[in-house]
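A quick write-up on the structure given underneath.
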Amino acid sequence: MSEFDLIARYFVRPVHRAALGVGDDCALLRPTPGMQLAVSSDMLVAGRHFFDDVDPRTLGHKALAVNLSDLAASGARPLAFTLALALPEANEAWLQGFSQGLLALADAHACELVGGDTTRGPLNICITIFGEVPAGAALLRSAAKAGDDIWVSGTLGDARLALEVLLGNITLPADVLAAARTRLECPTPRVALGTQLRGIAHSALDLSDGLLGDLAHILEQSHVGADIDADAAIGTIAARRSGCTLPQQQWVQAALSGGDDYELLFTAPADKRAQVLAAAQRAATPVTRVGVITAQPGLRVLDANGAPLAQQHWASFDHFVDPA
Ligand code: ADP
Ligand code: MG
């Protein structure tokens, strides 16, 4: 199959929102007047971000989900995306599964595939996504204020627990593992919540590398500190709520340092709690308060008694530094 046949068979779709899709030198988008364009890229590399034998359908889903999650964190509505794909071979069964997983999620968000690039090489998937947000309304990492509540959406840590099982480090009951594995391989981008939080949240980001590591970006860019309630954070873990038992340290590590959650972390003034909960309800996405932004710099993790937790739990996943 030639490169062009492959693109035509698996990646060409009619476009409705874009002015021009796949097939020309450039795609043409039609941003709504008065809106700013929100743009983000994410690359997934085989062996680094996923196992080579992962189901291509879930891989297609995840490749787009992590990009939609970036738009969600900015409060932007998805418009379109491009797909740059390096493939070791034109495996039709793989392409079929991958494109179905990818395009099903794209359709669910009315986000159109408008172009890309295809080349032979070690499996590598790079998506650039375009969204729109009213001018000046994007949620930023730099706008947290002392006194803000710190909130997270959904559940933390389950993706990390699934990874620990796949690596042979822990075991979980089959049904709990199945749910956790879905969180790892098939994350749900919180797009509706992101747009609902515009005008309510001060700052936001999406959790890809672990709560503490990602929160540090907000603290640095907003020149503030934070107290995190470890019990509130581990209380969100679905595996824990379903009655599993693991050492406390494992729960804490999964919720605070585990990556791949693709939940939103956001801060909002304490007097907007009711508005946050109403926004979460409109988005049909649960949210939990897990801490507070402080004027005092630094990041403190507190146990149920308000006592600081040992810092060895804090290592966050970093692609260039092996976790401790
Ligand atoms: P160019 O020669 O300008 O780089 P290509 O020949 O690589 O263009 O691609 C032809 C058309 O197919 C372009 O419109 C490009 O955006 C699109 N395209 C290439 N690869 C993909 C892909 N993986 N998914 C979607 N569109 C693609
Ligand atoms: Mg090209």
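Remember, it's 1-based here, ligands and their atoms both numbered in the order they're listed.
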Worksheet item: Considering only heavy atoms, does I7 approach ligand 1 within less than 4.0 Å through its side chain, its backbone, both, or neither?
Response: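 Near ligand 1, I7 shows its side chain, while the N, CA, C and O stay back.
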Fill in: ligand 1 N/O within reach of G116 N/O, cut-off under 3.5 Å
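Yes, there is a polar N/O contact under 3.5 Å.
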Worksheet item: Could an N or O of ligand 1 be found under 3.5 Å from any N or O of L85, whether backbone or side chain?
Response: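 It does not: no N or O of L85 is found under 3.5 Å from an N or O of ligand 1.
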Worksheet item: If we ignore angles and hydrogens, is there a donor and acceptor under 3.5 Å between the side chains of T236 and R241?
Response: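 R241 and T236 do not have a side-chain donor-acceptor pair below 3.5 Å.
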Practice prompt. Indicate whether any N or O donor in one side chain lies under 3.5 Å from an N or O acceptor in the other, for E3 and T118.
Written response: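 Judged by distance alone, the side chains do not pair up.
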Please list, in number order, the atoms of ligand 1 under 4.0 Å from a heavy atom of [X].
{"X": "D117", "result": "7 (O), 19 (C), 20 (N), 21 (C), 23 (N)"}
{"X": "D25", "result": "3 (O)"}
{"X": "F4", "result": "6 (O)"}
{"X": "G115", "result": "16 (O), 24 (N), 25 (C), 26 (N), 27 (C)"}
{"X": "T118", "result": "19 (C), 20 (N), 21 (C), 22 (C), 23 (N)"}
{"X": "E3", "result": "7 (O)"}

Worksheet item: Considering only heavy atoms, which of L6, L83, D24 lies nearest to atom 13 (C) of ligand 1?
Response: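 That would be D24.
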Discussion item. Any heavy-atom pair between the side chains of V191 and P78 that's under 4.5 Å?
Written reply: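 A side-chain contact exists here, since the closest heavy-atom pair is under 4.5 Å.
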Worksheet item: Does some side-chain heavy atom of Q36 sit less than 4.5 Å from a side-chain heavy atom of E132?
Response: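 E132 vs Q36: side chains apart.
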Practice prompt. To the nearest 0.5 Å, tell me how far R183 CZ sits from D261 CG.
Written response: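 If I round to the nearest 0.5 Å, the distance is 6.5 Å.
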Item to complete: Nearest 0.5 Å please: distance from the CG atom of L79 over to the CG atom of L37.
Response: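 Answer rounded to 0.5 Å: 6.5 Å.
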Worksheet item: Between D260 and K62, is there a salt bridge with N-O shorter than 4.0 Å?
Response: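 Salt bridge flag = yes for D260 with K62.
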